[in-house]
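The structure appears right after this line, and notes come after that.
By convention in this document, chain letters (A, B, ...) are assigned in the order of the sequence lines, proteins followed by strands, and residues within each chain are numbered from 1.
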Amino acid sequence: MQHLIKSLVSDALDAALDAGELTLVERPEITIERPRELSHGDWATNVAMRAAKGAGMPPRQVAEVISARMTGHPDVAAVEIAGPGFINIRLSAAALQRVIVSAREQRADFGRSDLGGGKRAQVEFVSANPVGPMHVGHGRWAALGDSLARLLGHVGYRVEREFYVNDQGVQMDVFAESVAARYLELCDREVEFPESGYRGAYITDIAREILADEGESWADTSAAERESHFKEKAYAQVLAHLKHVLSGMGVEFDVWFSERTLHAPGADGGPSAIVRAIARLRETGYIFEEEGATWFRSTDFGDDKDRVLQKADGDYTYFAADIAYHWDKFEIRGFDLVIDIWGADHHGYVKRMEAAAAALGHPGKLELVIGQLVNLFRNGEVVRMSKRTGEMVTFEDLLDEVGPDAARYFFLRRSTDQALDFDIALAKEQSSDNPVYYVQYAHARICSILRKAAVQPDADDVAPLAAALVLADVDLALLGHDAELALFRKLAEFGEVVEIAATQRAPHKLTRYAEELAASFHQFYTVCHVIGDDPALTAARLAVVDATRIVLELVLALLGVSAPQRM
RNA sequence: GCGCCCUUAGCUCAGUGGAUAGAGCGUCCGGCUACGAACCGGGAGGUCGCAGGUUCGAAUCCUGCAGGGCGCACCA
């Protein structure tokens with residue numbers, strides 16, 4: 001619809017220019033917007049104000065000339081000039097009613113667009129270190145990345161979800177040493193717990209499992225042998241745990257990418273990805289040697305300082321692996337768009353990573369979304385956590401307590417760059433204070449109406465009922481109540497909201513829309529009785545109800561939240 | 001010290017350079033003899049942190065300042 005309105009304005013401007021009613025040096029860009037105020041119509045354009053200066057006429061006079069050529073279209077009920085020179089366009093009831101047909105025909109494809117043009121996009125998110133449980137911030141980024149992937153899919157990208165596993169490096173060694181120390185304790189051996197070891201109780205749990213599986217034999221091997229074996233055992237356990245918890249919130253990754261593969265020789269037995277990526281940068285002249293180390297000249301791309309890739313001792317830095325990882329994303333796998341979601345505590349790495357992507361020859365293909373942190377509250381009081389002792393409320397704890405729907409919805413309700421206060425008590429509350437129930441209630445209420453209309457109170461799925469109840473020749477022209485028209489307008493916004501949310505990488509716009517749509521429905525429900533004596537009106541309103549159900553289910557699906565038919 | 005994010009109603013937060021800045025919660029008043037009251041209607045409540053600038057028009061863009069969060073390793 002917005003495209004139609006835009007060309008209507010554009011054509012009117014051209015016609016006025018052709019007729020000599022306006023003369024312009026430069027044709028202004030045509031933009032249309034939805035006015036906040038209903039009395040200002042369905043759409044408005046500021047083109048007259050933008051053109052006024054060049055035309056040498058007052059804005060309202062320019063508006064007169066343009067709007068005179070906009071009437072007569074069957075979708076347009078009125079064109080008015082208002083304020084400093086806005087042209088306000090009011091749609092006809094027929095134009096508004098069409099959204100009901102579209103939604104019911106297109107169903108899960110409603111609001112789909114081709115912004116992505118079939119390009120391949122990768123969303124990499126969570127990527128928690130496989131040495132312990134995830135914190136609630138990881139939960140937020142999981143919800144964010146998954147919903148963003150769903151959104152991108154709806155606007156025409158081919159999307160893959162990826163989890164990068166940092167399974168190499170000193171933290172893995174520390175992890176192994178910690179497990180080994182607890183294991184020895186369990187075997188009643190004298191042992192000093194490593195200074196910087198992980199002190200969480202889960203370490204002991206892992207050690208206990210190994211003990212149960214394999215007995216005490218590892219107590220008498222060399223420390224190196226023991227730790228090397230425990231590292232793999234514990235790593236496998238934690239990885240399985242991560243998958244399990246994420247899956248519990250409905251987040252499934254297409255690829256779990258191991259950092260180790262970047263260090264290992266290539267598939268053809270040739271050099272590793274790290275070696276090849278650095279070679280690539282060397283070719284383009286961004287590598288230099290100094291003080292025995294190999295450096296990347298990231299300052300050429302606006303970074304604060306140059307960065308070490310290979311240390312004087314020969315080891316590669318984490319950053320070197322990260323460059324190789326992104327080299328793989330672009331060069332080997334050929335993604336057109338790569339979105340990495342990082343926690344706010346990594347924002348200091350943004351510039352160097354962007355520099356690396358540019359130096360590899362892929363500027364603009366990498367986007368870094370910074371997710372702010374989560375503060376946990378319970379009944380308004382901060383939940384204190386100690387990293388040192390490992391005492392914390394994990395993502396898993398939270399998920400167990402509030403459930404996947406409330407967790408996802410709350411995680412997604414705030415804009416990404418805003419720190420999130422998560423109140424556990426509120427998320428658990430099954431009341432109107434809790435927005436996720438407000439939206440789900442609207443959906444359940446609709447399903448109840450459809451079951452009642454079909455006289456099938458025990459039906460498990462209302463979709464076939466709705467299809468049978470509302471025939472193709474339903475007369476939507478019967479619908480003109482203010483509450484009905486308001487609901488049509490809200491339904492018609494869906495496609496725009498999806499496009500904006502996807503483009504701005506802002507799933508929180510969907511939660512807002514979901515609440516607005518639910519509110520529009522509840523208002524309609526209050527004043528428009530659906531099932532009544534007039535079969536034609538009943539059929540028409542059942543179509544409205546069904547269209548609303550479809551869009552509510554769809555917006556919740558994009559959020560990854562369930563749409564229950566009863567609650 | 002440098003960089004990034006934030007500052008909007010009592011609270012938690014929306015707000016693509018547009019018209020009288022919105023929502024939820026809280027508060028006050030009102031609405032169930034028809035489809036789910038987990039709902040709906042109405043009222044009160046704002047110097048959009050402060051000061052300049054750009055613009056026909058600024059919560060939005062630019063500069064400076066103040067306050068809060070996070071980060072500044074040849075760690076990962």
Every protein N/O within reach of nucleotides 9-14 of chain B N/O, cut-off under 3.5 Å:
unit_1: B/U12; atom_1: O2'; unit_2: A/R414; atom_2: NH2; d: 2.8
unit_1: B/C13; atom_1: O5'; unit_2: A/R414; atom_2: NE; d: 3.4
unit_1: B/C13; atom_1: O2'; unit_2: A/R414; atom_2: NH1; d: 3.0
unit_1: B/A14; atom_1: OP1; unit_2: A/S415; atom_2: N; d: 2.9
unit_1: B/A14; atom_1: OP1; unit_2: A/S415; atom_2: OG; d: 2.7
unit_1: B/A14; atom_1: OP2; unit_2: A/Q418; atom_2: NE2; d: 2.8
unit_1: B/A14; atom_1: O2'; unit_2: A/R512; atom_2: NE; d: 2.7
unit_1: B/A14; atom_1: O2'; unit_2: A/R512; atom_2: NH1; d: 3.4

Look for any protein N or O under 3.5 Å of an N or O in nucleotides 54-62 of chain B and output each such pair with its distance, or none.
unit_1: B/C56; atom_1: OP1; unit_2: A/K53; atom_2: NZ; d: 2.5

Residue matched to B/C35 through Watson-Crick or wobble contacts both under 3.5 angstrom: none
Verify the stacking flag for A/F86 against B/A19: centroid separation must be under 5.5 angstrom and the ring planes must differ by under 30 degrees. yes
Name all pairs fulfilling the ring-ring contact (aromatic ring centres under 6.0 Å, His included) condition that reach into residues 440-463 of chain A, sequence neighbours left out, sorted by first residue then second. A/Y441-A/H522
Using Watson-Crick or G-U wobble geometry with both distances below 3.5 Å, tell me the partner of B/U63, or none. B/A51
Closer than 3.5 angstrom, by distance alone: can the side chain of A/T45 be matched with the main-chain N or O of A/T31 as a donor-acceptor pair? yes
Paired to B/A44 by Watson-Crick or G-U wobble criteria (both distances under 3.5 Å) is none
B/C39, B/C70, B/A19: which one has an atom nearest the side-chain heavy atoms of A/N88? B/A19
For residues A/S147 and A/L558, report the shortest heavy-atom separation together with the two atoms involved. OG-O, 2.8 Å
Spell out yes or no: do the side chain of A/H522 and the base of B/C40 have one donor N/O and one acceptor N/O closer than 3.5 Å? no
Would you indicate, yes or no, if B/C40 has its OP1 or OP2 atom less than 4.0 angstrom from a side-chain nitrogen or oxygen of A/Y438? yes
Between B/C13 and B/C32, how far apart are the C1' atoms? Round to whole Å, please. 32 Å
I need the NE2-P distance between A/H40 and B/A21, as an integer number of Å. 12 Å
Pairwise 5' ranking along RNA chain B for A/P35 and A/L373, keeping only the more 5' one: A/P35
A/F524 CZ to B/G41 P, straight-line distance once rounded to whole Å: 14 Å
Taking only the side-chain heavy atoms of A/H529 (C-beta and beyond), determine which of B/A19, B/A34, B/G36 contains the nearest atom. B/A34
Using only atom types and a distance under 3.5 Å, with no angle test, would you say the side chain of A/R260 pairs donor to acceptor with the backbone of A/D167? yes
Pair partner, B/C4 [Watson-Crick or wobble, under 3.5 Å]: B/G69
May I have the list of side-chain donor-acceptor pairs in residues 497-508 of chain A shorter than 3.5 Å, sequence neighbours left out?
unit_1: A/T503; atom_1: OG1; unit_2: A/E499; atom_2: O; d: 2.6
unit_1: A/Q504; atom_1: OE1; unit_2: A/K509; atom_2: NZ; d: 3.3
unit_1: A/R505; atom_1: NE; unit_2: A/E367; atom_2: OE1; d: 2.7
unit_1: A/R505; atom_1: NH1; unit_2: A/A502; atom_2: O; d: 3.0
unit_1: A/R505; atom_1: NH2; unit_2: A/E367; atom_2: OE2; d: 2.7

Looking at A/D303, A/L366, A/D340, A/L368, which one forms a side chain to side chain contact (heavy atoms under 4.5 Å, CB included) with A/V350? A/L368
Within the structure shown, what part of the strands sits under 4.0 Å from A/A444 by heavy-atom distance: base, sugar-phosphate, or nothing? base
Identify the heavy atoms of A/A344 and A/I370 that sit nearest to each other, and give their distance. CA-CG2, 3.6 Å
What is the nucleic acid contact for A/A442, judged by heavy atoms within less than 4.0 Å: base, sugar-phosphate only, or nothing? nothing
For B/A19, which nucleotide is its Watson-Crick or G-U wobble mate, given both distances must be under 3.5 Å? none
Provide, to the nearest angstrom, the distance between the CG atom belonging to A/D303 and the P atom belonging to B/G71. 18 Å
Can you tell me, in whole Å, how much space there is between the P of B/A58 and that of B/A21? 13 Å
Pairs flagged by salt bridge (Lys or Arg N to Asp or Glu O under 4.0 Å) wherever residues 38-51 of chain A is involved - sequence neighbours left out: A/D42-A/R489
Using the C1' atom on both, measure B/G46 against B/A14 and round to a whole Å. 15 Å
Any cation-pi pair here, A/R445 with A/F521, using under 6.0 Å and within 45°? no
Between B/G45 and B/C2 - C1' atom distance, rounded Å: 41 Å
Atom NE2 of A/H481 to atom P of B/C40: distance rounded to whole Å? 16 Å
Just checking A/I531: base, sugar-phosphate only, or nothing, at a heavy-atom cut-off of under 4.0 Å? base
Evaluate whether atom CG of A/D313 has more than 12 neighbouring non-hydrogen atoms of other residues, nucleotides or ligands under 6.0 angstrom away. yes
What integer number of Å spans the C1' atoms of B/G43 and B/A38? 25 Å
Aro-ring/base stack A/H347-B/G71, d under 5.5 Å, angle under 30°: no
Residue-phosphate contact under 4.0 Å: A/Q523 side-chain N/O, B/G41 OP1/OP2: yes
Does the side chain of A/Y513 reach to within under 4.5 Å of the side chain of A/K490, using non-hydrogen atoms? yes
In whole Å, measure the gap between the C1' atoms of B/U7 and B/G49 for me. 6 Å
Taking only the C1' atom of each, what is the distance from B/A23 to B/A9 in whole angstrom? 11 Å
How close or far is atom C1' of B/C6 from atom CG of A/N375, stated in whole angstroms? 13 Å
Is A/T526 close enough to B/C40 that one of its side-chain N or O atoms is under 4.0 Å from OP1 or OP2 there? no
Using only atom types and a distance under 3.5 Å, with no angle test, would you say the side chain of A/R413 pairs donor to acceptor with the backbone of A/T511? no
Determine the interatomic distance between C1' on B/C35 and the same-named atom on B/G57; round to the nearest Å. 48 Å
Output the rounded distance in Å from CZ (A/R451) to P (B/G36). 8 Å
Centre of A/W295's six-membered ring, under 6.0 Å away, within 45 degrees of the axis: is that where NZ or CZ of A/R307 sits? no
Can you check nucleotides 72-76 of chain B for protein contacts, nitrogen or oxygen pairs under 3.5 Å, and list what you find?
unit_1: B/C74; atom_1: O2; unit_2: A/A312; atom_2: N; d: 2.7
unit_1: B/C74; atom_1: N4; unit_2: A/E291; atom_2: O; d: 3.2
unit_1: B/C74; atom_1: N4; unit_2: A/E291; atom_2: OE1; d: 3.1
unit_1: B/C75; atom_1: OP2; unit_2: A/K311; atom_2: NZ; d: 2.3
unit_1: B/C75; atom_1: N4; unit_2: A/Y349; atom_2: OH; d: 2.5
unit_1: B/A76; atom_1: OP2; unit_2: A/Y318; atom_2: N; d: 3.1
unit_1: B/A76; atom_1: O3'; unit_2: A/Q168; atom_2: O; d: 3.0
unit_1: B/A76; atom_1: O2'; unit_2: A/Q171; atom_2: OE1; d: 2.8
unit_1: B/A76; atom_1: O2'; unit_2: A/Q171; atom_2: NE2; d: 2.6
unit_1: B/A76; atom_1: N6; unit_2: A/Y349; atom_2: OH; d: 2.8

For the pair A/S67 (side chain) and A/V79 (backbone), establish whether a donor and an acceptor sit closer than 3.5 Å, ignoring hydrogens and angles. no
Flag the pair A/E515 and A/R512 as a salt bridge only when some basic side-chain nitrogen lies within less than 4.0 angstrom of an acidic carboxylate oxygen. no
Using Watson-Crick geometry (N1-N3 plus N6-O4 or O6-N4) or G-U wobble (N1-O2, O6-N3), each under 3.5 Å, B/G26 is paired with none
Rounded off to whole Å, could you give me the OH-to-P distance for the A/Y441 and B/G36 pair? 8 Å
